[in-house]
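Here's the structure we're looking at; comments come further down.
All chains are named by letter (A, B, ...) in the order of the sequence lines, taking the proteins before the strands, and each is independently numbered beginning at 1. Worth saying up front: this structure is predicted, and the values here are computed from it rather than measured.
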Amino acid sequence: MSTEVSDSTNLSEKKDFLVRSSSLKDVRSFSREVFEKFKINEDLREELVLAIAEAAQNIVKHAYKDYPDTQDRMAVRISCTDKELEISFFDKGKPVEKSKVKHRAIDDVKPGGLGTFFIQEIMDSIKFKEGDKPWINNLVLTKKL
Amino acid sequence: MKFKVTEVENISTVFLDGEIDMDVADNVREVVFPLIDSGKEVHLNLKGVQYMDSSGISVLVESNQRAKQKNTKVELKEVSQPVEKVLAMARKFL
């Protein structure tokens, strides 16, 4: 885990993970550790952990759908000011087609659709950007504090 | 993720423990689906589950659908607070 900026008003932590489902537990552990360090409200922490884990899961499931044995890594950056939390995800997988990012009906039980719904419920904004090199995708989630 | 199965008459109760995510969802399916396929009523005890994401919800929905096809049923018997929160959010999706 690396601390990019650390002062009284702007905190930021970043860590990268191998792109595979077995990394999701590590993503959650990292997130919980950072939220404790940033003193994020305890009631909010597990919701945020869920949103982060769902976004990371989407990278594994969709951006690397055809590459289950990839050695690529994804990065998660959690930044916090007094007013807002910003969580950024970086990956080198298949570019996100924004029009296809939506949740599905409950009878269509593929997790990606429900996961995206969870992210929308928990976070205030979701933005897909092109990542600066070497990254391909950059997802940015924000939550007002 | 750990599990334990108890049998009383035609009811199998599966006690799940730990965190249920994409990485272990198939393990849960491997435990629960054969019980459903054998025609037993399946009770899921999630009291010991500290974390569950959309993959876990999918397992619950699939289990329910599978039970209907097999003319039996799946019931949630005890649910931890973290799981109840996720279930409440998932119900909005209905």
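A cation-pi arrangement is absent between A/R45 and B/Y51 under the rule of less than 6.0 angstrom and at most 45 degrees off the ring axis.
The two residues B/K85 and A/D43 have their closest heavy-atom pair at NZ-O, 3.9 Å. Across A/F117 and B/M89, no two heavy atoms sit closer than the pair CE2-O, 3.3 Å.
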- request: Could you walk me through whether A/R32 and B/E19 pass the salt bridge (Lys or Arg N to Asp or Glu O under 4.0 Å) test, one step at a time?
  value: CA-CA 14 Å; A/R32 289 180 180 125; B/E19 300 194 325; 3.3 Å; yes
Worked verdict on B/D53 versus A/Q57 for side-chain hydrogen bond (donor to acceptor under 3.5 Å, both in side chains): CA-CA 10 Å; B/D53 65 12; A/Q57 182 181 158; 3.2 Å; yes
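At least one donor-acceptor pair under 3.5 Å links the side chain of A/E54 to the backbone N or O of B/S54.
Under the 4.5 Å side-chain heavy-atom criterion for Ile, Leu, Val, Met, Phe, Trp and Tyr, A/Y64 and A/L139 are members of the same hydrophobic cluster. By the criterion of side-chain heavy atoms lying less than 4.5 angstrom apart, applied directly or through intervening Ile, Leu, Val, Met, Phe, Trp or Tyr residues, A/F35 is grouped together with A/L145 in one hydrophobic cluster. Note on A/I52: it does not cluster hydrophobically with A/V140, by side-chain heavy-atom contacts below 4.5 Å among ILVMFWY residues. Residue A/F90 is not grouped with residue A/F17 when hydrophobic side chains (ILVMFWY) are merged at heavy-atom distances under 4.5 angstrom, including chains of intermediate members. Note on A/F128: it clusters hydrophobically with A/F118, by side-chain heavy-atom contacts below 4.5 Å among ILVMFWY residues.
Under a 4.0 Å N-O distance rule, the pair A/R20/B/D23 does not qualify as a salt bridge.
Within a 6.0 Å sphere centred on CD of A/E36, heavy atoms belonging to other residues, nucleotides or ligands number 12 at most. Within 6.0 Å of the NZ atom in A/K143, the count of heavy atoms belonging to other residues, nucleotides or ligands exceeds 12.
Residue B/V86 touches chain A through both its backbone and its side chain, counting heavy-atom pairs closer than 4.5 Å.
Between A/Q120 atom CD and B/K92 atom NZ the span is 12.0 Å, to the nearest 0.5 Å.
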